[in-house]
Structures are given as structure tokens and as C-alpha cells.
Amino acid sequence: MQDHVTTHQAQEDARNEEILIWLNGRLVPKAQAMVSVYDSGFMLGDGVWEGLRLYNGTWAFLDEHMGRLFEAAKAIDLDIGMTRDEVISALLETQTANDMHTDAHARLMVTRGVKTRPFQHPSLSQQGPTVTIIMEHSRPSIPRPIRLATVPHIRGLPMTQDPKLNSHSKLNCILACIAAEKAGADEALMLDVHGFVNTTNACNFFIVRKGAVWTSTGDYCMNGITRQKVIDLCHANDIPVYERNFSLVDTYGADEAFLTGTFGAQTPVGEIDGRQIGTGDMGPVTHRLRALYKALIDKEAA
Ligand SMILES: Cc1ncc(COP(=O)(O)O)c(C=O)c1O
């Protein structure tokens, strides 16, 4: 049996049993934070969400997260029923109520709300949206570089369910992850409709070849905020960076590979489809980008 690691693994923290959850304007103990079985998020995965991190009293890249949330809600024609400032106030209220100062992770979710009948039509959600914020004490604890496996599940075209949407329904990604786990890996490496390497089921994906950083064109993956920060850091620090198509051949032969996401920042990849990537450990460019990202966060939270 191979050991499994996930890209969102955090240290155990007993305080998380006592947290308060923001649920439609009320702060509710975790054990009592319930939504209806008629909720469109539960019933159909009809909602959008953001994952945010608290560093040293500051929610990192809050503007970008709010921008993406409201853009996604508009795209699925969902009225959040709150202004941007009201959503931020709810986040801060939850943080204060939980006495959190750093190393916290928030999952801010908005669904179309409770339905009058258990069917699909969006007009059945008549009570307004369900808005919740789960905020946990969270220190990533990923004990070794991630192992990826490519899977048959691909990133869809934008006219089906645009993979840019941070939708509640993540079934395609979940099936990809299950397939990767069954293949003995930790997470799935997903290809786009043309067979180019695109992203993983939960993080954005980068390779490093001859000192240059490559990532997909961005057409079929989440428009990751960490992804963009890494690209910007490369530009600002004279590290060649390309958003381009590339194949598994380029990927297996890479010197380094890493993942990006709000939770784990930059997570090294040690193996893909049974091929060791570089030395199998975190490479120098990943190291450098992690340090640059940490400095960016320190500046943001100063
Ligand atoms: C499929 C997928 N890719 C990538 C990301 C990373 O995005 P970000 O850097 O904004 O956290 C996420 C996070 O929600 C995701 O769900």
C-alpha cells in the first residue's frame, strides 16, 4: 500500500471543533451549522465559493478573491444579496468571533438557496441565497512532494461548465482525484481537450525547464489567484515564464514541477505517472518562488 498525501492537508487543531460558522448573518457553533436538504448547493451543486487565507491579521489578496466571487456569481446569474463590503464585514466578523489572527483558512460559499420543491429549475430557489463562511485554524502540513497521475477526465470546454468557475459542483475534479488515487497517486494531473497538460483537480500546475517556468495557457483551468501571483513574481524577478501549451513529454522531462493554490502556496511535485521529476525533491526555482511568494505575503500583511 502506498501512503497518500493530499494537497490540502493541515495540522490537526482541536480548536476547530469549537469554531463559529457564519450562516446567513448569524454566527452558529459548528455542530449546529446546518443548511436545508432543499438547499440548491446540497441538491445540485448550484453555487460558487472562494478559499481565502489569513496571514498576520490580513486576508491575502482580498480584492482579487472578492472580484472573482462576484464575477462567478454574475456568470451563474446568482444575486449574492450582499455588497462586496458586506461580504468582507461578514468575513471579519467571523474572524473576530473565532479570535483568529493568522494561519486561518476561510471557505466562503454562496448557493442559490433553499428550493420550494426538490427539482432543478433555478426559479424554485425563492428564499434568497445561502451564504456561509467556514473559518478554520489551518497550518498546511504536506510531508513530501506530491505524486500525480494523469487521468481520463479532462478539463471541459468553456461552453459546458466553464472550468474557470469555482462552482460548488466539482464532480469532474472529484472523479479525476479518485482515479488518481486508485492509480496510487495523490492528486490528478488533468489534460485539456487537445491533450495538453492543464492543471490538477484542485491546484494549478507549473513545470520548470532549463530555468524557465511554464504553465498552461489558462484556457481550461481555474483562474487561480496564486497562479497569477507566481506569474507576476516571475516577471518582476527576471525569471522567464511562459503561459503555453505543453505535453506530457515536456512534463516528464521537466527539471521541476509544482502546484499553486491559496492553501498550499507552492507545493512541489516529485513524481508524475511513475516518473521521477528532477531529483524528486523541491527544486531551486520552486524554492526561490516560494521565498518570493512568502515575501509578497509578508508585504501584503505588513
Ligand atoms: C480546480 C482548482 N484549481 C486551482 C485552484 C487554486 O486557485 P487559487 O490560487 O485562487 O486558490 C483552485 C482553488 O479553489 C481550484 O479549485
Side-chain angles (χ1 to χ4, degrees), residues 6-10 41 45 47-55 59-73 75-76 91 104-110 133-136 138 140 142 146 148 150-151 153-158 160-180 186-192 197-207 213 215-234 243 257-267 269 286 289-290 292-294 296-297 300:
T6 81
T7 52
H8 289 72
Q9 212 160 292
V48 288
W49 61 276
E50 279 297 313
L52 301 102
R53 273 194 85 75
L54 181 68
Y55 292 97
W59 290 96
F61 317 124
L62 186 56
D63 246 15
E64 285 93 330
H65 283 284
M66 287 301 118
R68 190 170 64 181
L69 176 71
F70 276 82
E71 199 169 74
I76 67 163
L91 190 74
H105 197 92
R107 193 173 183 103
L108 198 167
M109 297 170 278
V110 188
I133 303 171
I134 298 176
M135 196 175 286
E136 292 191 336
S138 160
I142 305 168
I146 294 295
L148 299 177
T150 49
V151 294
H153 310 83
I154 59 166
R155 307 296 296 180
L157 287 163
T160 47
Q161 187 166 324
D162 194 326
K164 280 195 168 54
L165 273 178
N166 224 358
S167 56
H168 269 226
S169 169
K170 288 275 181 188
L171 197 53
N172 190 39
C173 295
I174 291 165
L175 293 178
C177 190
I178 289 171
D186 304 313
E187 186 155 317
L189 183 60
M190 300 175 77
L191 308 181
D192 70 19
V197 170
N198 194 262
T199 186
T200 76
N201 55 277
C203 297
N204 291 111
F205 179 73
F206 288 74
I207 60 172
V213 173
T215 193
S216 71
T217 59
D219 284 341
Y220 303 98
C221 60
M222 264 283 296
N223 44 352
I225 289 166
T226 323
R227 172 186 187 274
Q228 191 58 50
K229 295 296 170 193
V230 164
I231 293 168
D232 294 346
L233 283 171
C234 287
E243 290 175 77
F258 63 91
L259 311 177
T260 64
T262 295
F263 178 89
Q266 294 76 35
T267 305
V269 172
T286 312
L289 283 167
R290 273 167 65 114
L292 289 168
Y293 185 79
K294 188 173 177 305
L296 181 68
I297 293 278
E300 171 99 355

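The figures here come from the full heavy-atom set of this structure, side chains too, leaving out hydrogens, waters and symmetry mates. Counting starts at 1 for both ligands and their atoms, in listed order.
- Ion pairing between a basic and an acidic side chain is recognised when a charged N comes within 4.0 Å of a carboxylate O; Glu64 and Lys229 show such pairing.
- With values rounded to the nearest 0.5 angstrom, Thr200 atom OG1 is found 7.5 Å from Leu189 atom CG.
- Under 4.0 Å from any atom of ligand 1, one finds heavy atoms of residues Trp49, Arg68, Asn166, Lys170, Asn201, Ala202, Cys203, Asn204, Met222, Gly224, Ile225, Thr226, Gly261, Thr262.
- Salt bridge annotation for Lys164-Glu71: absent, with no cationic side-chain nitrogen under 4.0 angstrom from a carboxylate oxygen.
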In a table with atom names and distances, give each donor-acceptor pair under 3.5 Å that connects a side chain of residues 216-225 to protein atoms at least two apart or in another chain.
unit_1 : atom_1 : unit_2 : atom_2 : d
Ser216 : OG     : Gly218 : N      : 3.3
Thr217 : OG1    : Asp219 : N      : 3.3
Thr217 : OG1    : Asp219 : OD2    : 3.3
Tyr220 : OH     : His194 : NE2    : 3.2

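- In this structure, Phe206 and Phe258 have parallel ring planes: the angle between them is below the 30° cut-off, well short of the 60° mark.
- Annotation: cation-pi pair Arg53/Trp59 absent, no NZ/CZ under 6.0 Å from the ring centroid and within 45° of its normal.
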